[in-house]
Undergrad: 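Below you'll find the structure I mean.
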Amino acid sequence: LEISKHIRHHLGPVRSVFHELVSEYVHVDIHWVPPNPKRAHHTLVTTGMSDLPMSPPKWAPECRLAELLVTLPASWSLEREAVRQGANVWPLRVLKFLARFPHMYKTWLWYAHTVPNGHPPEPYDSSTELCCALLVPTATLPEAFHTLETRSGDEVAFFSIVPLHADELELKLA
């Protein structure tokens with residue numbers, strides 16, 4: 001609820017929530033904020049990743065709670081039929097996978113981490129050559145959105161997912 005309010009306050013009205021029906025690790029929903037007068041793009045934000053703390057190394061105890069987001073061009077269709085047909089759904093799949101990833105593997109995801117889609121990385125969908133996700137602070141949203149301090153005193157960080165091509169991943173790793 002706090003994260004949903006944070007999304008509405010900083011990004012605008014949520015048009016729809018892509019609800020997860022079954023999850024083995026954490027229940028991840030994706031909130032869709034369509035283009036609006038403040039932002040000319042779709043914004044998809046997870047909720048649920050921060051329901052359980054991640055497992056950061058001892059030297060980074062503050063890196064326990066995070067949520068993820070991705071921005072998509074205004075021309076990207078997120079209507080029910082377009083998402084069901086496949087090519088437009090891969091960003092949602094990536095968000096859900098990455099939100100579960102630290103809980104599945106008892107690890108953590110944070111700033112500048114990259115997660116390839118397999119080894120070697122495979123494209124997320126036949127419609128794209130993008131095959132890896134890089135986590136960065138969002139450059140397109142207000143700085144006040146980057147962190148939420150909850151009523152319980154926890155801090156939830158928000159990171160943008162930047163999809164990469166294989167050669168971009170290689171460059172980042174080098």
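We use all heavy atoms of the structure for the numbers below, so side chains are in, but hydrogens, waters and symmetry mates are not.
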Undergrad: Atom CG of Leu72 and atom OG1 of Thr43: how far apart are they, to the nearest 0.5 Å?
TA: 8.5 Å

Undergrad: Ring centroids only, cut at 6.0 angstrom: are Trp76 and His41 within range, meaning strictly under it?
TA: no

Undergrad: Locate the shortest heavy-atom distance separating Pro13 from Pro34; write the atom from each residue and the value.
TA: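 Minimum heavy-atom contact is O-CD, 3.7 Å.
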
Undergrad: Applying side chain to side chain contact (heavy atoms under 4.5 Å, CB included) to His165 and Leu130, what does each step give before you reach the verdict?
TA: CA-CA 5 Å; His165 291 93; Leu130 297 166; 3.6 Å; yes

Undergrad: What residues form a side-chain contact (heavy atoms from CB on, under 4.5 Å) with Val115, not counting sequence neighbours?
TA: Phe97, Leu98, Phe101, Leu109

Undergrad: Show your reasoning for whether side chain to side chain contact (heavy atoms under 4.5 Å, CB included) applies to Val156 and Thr150.
TA: CA-CA 8 Å; Val156 178; Thr150 66; 4.0 Å; yes

Undergrad: Are Trp108 and Ile161 connected in the hydrophobic side-chain network, where two residues link if heavy atoms are under 4.5 Å apart?
TA: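 Looking at the clustering, Ile161 is in the same group as Trp108.
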
Undergrad: Output all residues satisfying salt bridge (charged side-chain N to carboxylate O under 4.0 Å, His left out) with Arg15, sequence neighbours left out; order by chain, then residue number.
TA: Glu79

Undergrad: Determine whether Trp90 and Leu78 fall in the same hydrophobic cluster, where Ile, Leu, Val, Met, Phe, Trp and Tyr are linked whenever their side-chain heavy atoms lie under 4.5 Å apart.
TA: yes

Undergrad: Mark yes or no for whether Glu122, through its side chain, and Cys131, through its backbone, hold a donor-acceptor pair below 3.5 Å.
TA: no

Undergrad: Are the aromatic rings of Phe158 and Phe145 close, with centres under 6.0 Å apart?
TA: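 Yes, they do, as the ring centres are separated by less than 6.0 Å.
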
Undergrad: To the closest 0.5 Å, what do you measure between CD (Glu170) and OG1 (Thr114)?
TA: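 Going from CD on Glu170 over to OG1 on Thr114, the span is 11.5 Å.
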
Undergrad: Show me the pairs that pass salt bridge (Lys or Arg N to Asp or Glu O under 4.0 Å) and involve residues 90-110, at least two apart or across chains.
TA: Glu20-Arg100

Undergrad: Indicate the atoms forming the closest heavy-atom contact of Arg64 with Pro56, along with that distance.
TA: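 So the two residues come closest at CG-CG, 3.9 Å.
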
Undergrad: Spell out, as yes or no, whether a donor-acceptor pair under 3.5 Å connects the side chain of Asp125 to the backbone of Thr128.
TA: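 Pair absent, no side-chain N/O of Asp125 close to backbone of Thr128.
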
Undergrad: State the OG1-CE distance between Thr107 and Met54, to the nearest 0.5 angstrom.
TA: 9.0 Å

Undergrad: Measuring from atom CG of Leu68 to atom OG of Ser160, what distance do you get when rounded to the nearest 0.5 angstrom?
TA: 9.0 Å

Undergrad: Check whether more than 12 heavy atoms from other residues, nucleotides or ligands sit under 6.0 Å from atom CD of Glu62, and answer yes or no.
TA: yes

Undergrad: Taking Val14's backbone N and O only, do any of them form a donor-acceptor pair with Arg8's side chain (distance below 3.5 Å, no angle check)?
TA: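 No; zero donor-acceptor contacts below 3.5 Å.
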
Undergrad: Looking at Asn36 and Leu11, would you say the former's side chain and the latter's main chain have a donor-acceptor pair under 3.5 Å?
TA: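 Answer holds: yes.
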
Undergrad: Honestly curious: do Tyr25 and Leu95 fall in one hydrophobic cluster under the side-chain, below-4.5 Å linking rule?
TA: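 Yes.
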
Undergrad: So, Lys172 side chain and Leu134 main chain: donor-acceptor pair closer than 3.5 Å or not?
TA: no

Undergrad: Inspect the surroundings of NZ in Lys38 and state if more than 12 heavy atoms from other residues, nucleotides or ligands are less than 6.0 Å away.
TA: no

Undergrad: When you check the side-chain N and O atoms of Thr71 and His42, is any donor under 3.5 Å from an acceptor?
TA: no

Undergrad: Which heavy atom of Pro116 sits nearest to which heavy atom of Leu169, and what is that distance?
TA: CB-CD2, 4.0 Å

Undergrad: Assess the side chains of His27 and Asp29: does a donor N or O sit below 3.5 Å from an acceptor N or O?
TA: yes

Undergrad: May I ask you to check whether Glu155 and Thr147 show a side-chain donor-acceptor distance below 3.5 Å?
TA: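 Result is no, nothing qualifies.
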
Undergrad: What distance do Leu148 atom CG and Lys5 atom NZ have between them, rounded to the nearest 0.5 Å?
TA: 11.0 Å

Undergrad: How long is the span from the CG atom in Leu164 to the SG atom in Cys132, to the nearest 0.5 Å?
TA: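 Atom-to-atom, Leu164:CG and Cys132:SG are 5.0 Å apart.
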
Undergrad: Tell me whether Phe159 shares a hydrophobic cluster with Leu52, the cluster being built from Ile, Leu, Val, Met, Phe, Trp, Tyr side chains joined at under 4.5 Å.
TA: no

Undergrad: So, does Glu67 use its side chain to make a donor-acceptor pair with the main chain of Met49 at under 3.5 Å?
TA: yes

Undergrad: Given Val70, which of Thr46, Val94, Leu92, Leu44 fulfils the side-chain contact (heavy atoms from CB on, under 4.5 Å) condition?
TA: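 Exactly one pass, corresponding to Leu44.
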
Undergrad: Treating Ile, Leu, Val, Met, Phe, Trp and Tyr as nodes and any side-chain heavy-atom pair under 4.5 angstrom as an edge, say whether Ile30 and Ile3 lie in one connected cluster.
TA: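 No, because Ile30 and Ile3 fall into different hydrophobic clusters, even though each may have its own neighbours under 4.5 Å.
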
Undergrad: With a 3.5 Å cut-off and no angle check, do the side chains of His146 and Glu143 form a donor-acceptor pair?
TA: no

